[in-house]
Amino acid sequence: MNRRKFAAALAGAVALSGAVLAPSAHATGAGTQSATAACGQVVGSVTAAGAHTGATVMAGTPPTTGAPGSTAGVFKPGQVRLSTTFVSEPSTGGVDRSGYVVEGDSLYYRSYNFNEGGDAHVRIGGGWSSYTALEVAEYAEEPGTTSYYHRIAYGLRSDGTLLRWNLIGSGWRSAGSATGFASVKSMVLISKTRTYDTFLANTRGGALYTIRIPIASPMKPIVKQVRTSTWQGFETLIAGRCGKYGTLLIGIDKDARTANLYAVGHANGTATVINSLGKVANGTYADPVYFRWTVYAPGDQLNGD
């Protein structure tokens with residue numbers, strides 16, 4: 001989908017209808033050491049001043065962070081609470097960037113390419129003050145395979161309710177909910193397929209779980225424990241593909257302003273292989289919001305489960 005056309009259509013739709021959304025009250029196992037060492041993930045942030053940043057975390061001994069890039073003036077200072085993955089798509093005069101954020105009680109679609117004058121900041125709807133996590137799973141079959149596409153949003157509310165919406169055109173259509181996730185501290189998308197999406201989540205008690213959500217209705221998540229303890233220190237998890245079926249996982253501890261890197265094998269309950277690659281060197285993680293930068297589907301394939 002052309003992001004500029006989408007942004008224009010979305011702005012028009014919201015202008016015509018003020019009720020678009022009112023939510024309810026970058027081998028099995030992580031692979032060889034050499035393969036893991038070649039993996040990297042672009043970690044993004046929204047600073048307190050409202051800038052967008054991006055820096056590549058590379059697996060190594062120790063893991064390292066590349067020189068960060070920054071774009072000022074993307075948001076007003078201190079407004080953004082939550083962010084989905086942001087897509088970066090090259091254009092003839094720069095880079096188109098787009099994603100969703102929660103500012104206060106409202107959900108917004110944000111798209112910009114300041115080099116070409118692109119600057120869309122569209123309010124989708126209110127009722128988001130109680131949400132603690134938000135992500136959009138945008139899935140397309142890999143080139144050369146049967147054509148299939150979906151965009152599905154997931155939001156976790158503070159009462160432990162996980163909600164789902166189908167994103168069709170400019171609208172968010174409710175696609176079910178499930179309760180029982182009040183202990184979740186953070187969650188990250190690790191798999192997108194034709195039939196299900198899967199999140200990896202850590203709890204306040206330190207456990208680590210996979211949450212597989214079949215695309216079919218009604219919404220019935222399948223939860224499997226991966227680890228029982230020691231994961232409570234991370235306020236944010238960021239994940240990207242490493243190898244064909246593995247995941248490069250970054251855990252950010254905002255209190256310590258540090259990040260740890262893990263190579264995670266294909267999800268298999270408590271038998272899942274998780275190798276600690278150590279603390280990320282030369283990086284300070286002091287921004288209020290972190291997220292993943294990626295490319296437009298089908299280039300972004302997550303096969304962690």
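Numbering starts at 1 and runs along the sequence shown. Both backbone and side-chain heavy atoms feed into the values below; hydrogens, waters and symmetry mates do not.
Across every non-hydrogen atom of P221 and P214, the tightest pair is CA-CD, 4.5 Å. Minimum interatomic distance between W231 and A207 (heavy atoms only, all atoms of both residues): CB-O, 4.2 Å. Nearest approach of N113 to G94, heavy atoms of both residues: ND2-C, 3.8 Å. Taking each heavy atom of G155 and W165 in turn, the nearest pair found is N-CZ3, 3.5 Å. Residues G118 and F114 share a closest heavy-atom pair of O-CD2, 3.7 Å. Taking both residues in full, the closest heavy atoms of S106 and R123 are given as OG-NE, 3.0 Å, listed atom of the first, atom of the second, then distance.
Residues D197 and H150 are in side-chain contact: their nearest non-hydrogen atoms beyond the backbone lie under 4.5 Å apart. For the pair I213 and I152, the minimum side-chain heavy-atom distance is 4.5 Å or more. For the pair T92/E116, a side-chain contact is recorded, criterion being any heavy-atom separation below 4.5 Å from C-beta on. Using a 4.5 Å heavy-atom threshold, the side chains of L134 and L107 count as touching. Two residues are said to be in side-chain contact when any heavy atoms from C-beta on lie closer than 4.5 Å; S217 and R164 meet this criterion. Side chains of I238 and V57 form no contact here, defined as non-hydrogen atoms less than 4.5 Å apart. Under the 4.5 Å side-chain criterion, counting only non-hydrogen atoms from C-beta, L261 is not in contact with M58. Within the 4.5 Å cutoff, no side-chain heavy atoms of S174 are placed close to those of L163.
Remark: R97 is not positioned above the aromatic ring of F86, lacking an NZ or CZ atom under 6.0 angstrom from the ring centre and at most 45 degrees off the axis.
Under the 4.5 Å side-chain heavy-atom criterion for Ile, Leu, Val, Met, Phe, Trp and Tyr, V223 and I215 are members of the same hydrophobic cluster. With hydrophobic clusters built from ILVMFWY side chains whose heavy atoms lie under 4.5 angstrom apart, Y196 does not share a cluster with L189. One hydrophobic cluster holds both V289 and V42 under the rule that ILVMFWY side chains link at heavy-atom gaps under 4.5 Å. Hydrophobic cluster membership is shared by V136 and L82, with clusters built from Ile, Leu, Val, Met, Phe, Trp and Tyr side chains linked at under 4.5 angstrom.
Inspection of the Y100 and E135 side chains reveals no N or O donor paired with an N or O acceptor under 3.5 Å. Between the side chains of T270 and Q225, no donor-acceptor pair of N or O atoms lies under 3.5 Å. Side-chain polar atoms of Y285 and T65 form a donor-acceptor pair below 3.5 angstrom. Side-chain contact of N202 with S186: a donor-acceptor pair under 3.5 Å is present, judged by distance alone.
Taking CZ of F181 as the start and CE of M187 as the end, the distance is 7.5 Å to the nearest 0.5 Å. Considering CG of L248 and CD1 of I190, their distance stands at 12.5 Å, rounded to 0.5 Å. With values rounded to the nearest 0.5 angstrom, E89 atom CD is found 11.5 Å from T294 atom OG1.
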* Asked: Going through the distances and angles, do S45 and T53 end up as a side chain to side chain donor-acceptor pair (under 3.5 Å)?
  -> CA-CA 5 Å; S45 75; T53 77; 2.5 Å; yes
* Given F75 and H52, is the ring pair (Phe, Tyr, Trp, His ring centres under 6.0 Å) satisfied, shown in steps? -> CA-CA 8 Å; F75 303 100; H52 245 172; 5.3 Å; yes
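Between the side chain of N166 and the backbone N or O of R173 there is no donor-acceptor pair closer than 3.5 Å. Formation of a donor-acceptor pair under 3.5 Å by the T284 side chain with backbone atoms of A286 is not found in this model. Side-chain N or O atoms of S158 include one that pairs as donor or acceptor with a backbone N or O of S130 at under 3.5 Å.
Ring orientation note: the planes of Y262 and F234 are nearly perpendicular, at an angle over 60° on the 30°/60° scale. Under the 30°/60° scheme for interplanar angles, the aromatic rings of W128 and Y131 are found to be tilted.
Salt bridge D119/R110: present, at least one basic N to carboxylate O contact under 4.0 Å. By the 4.0 Å N-to-carboxylate-O rule, D300 lies close enough to R292 to be salt-bridged with it.
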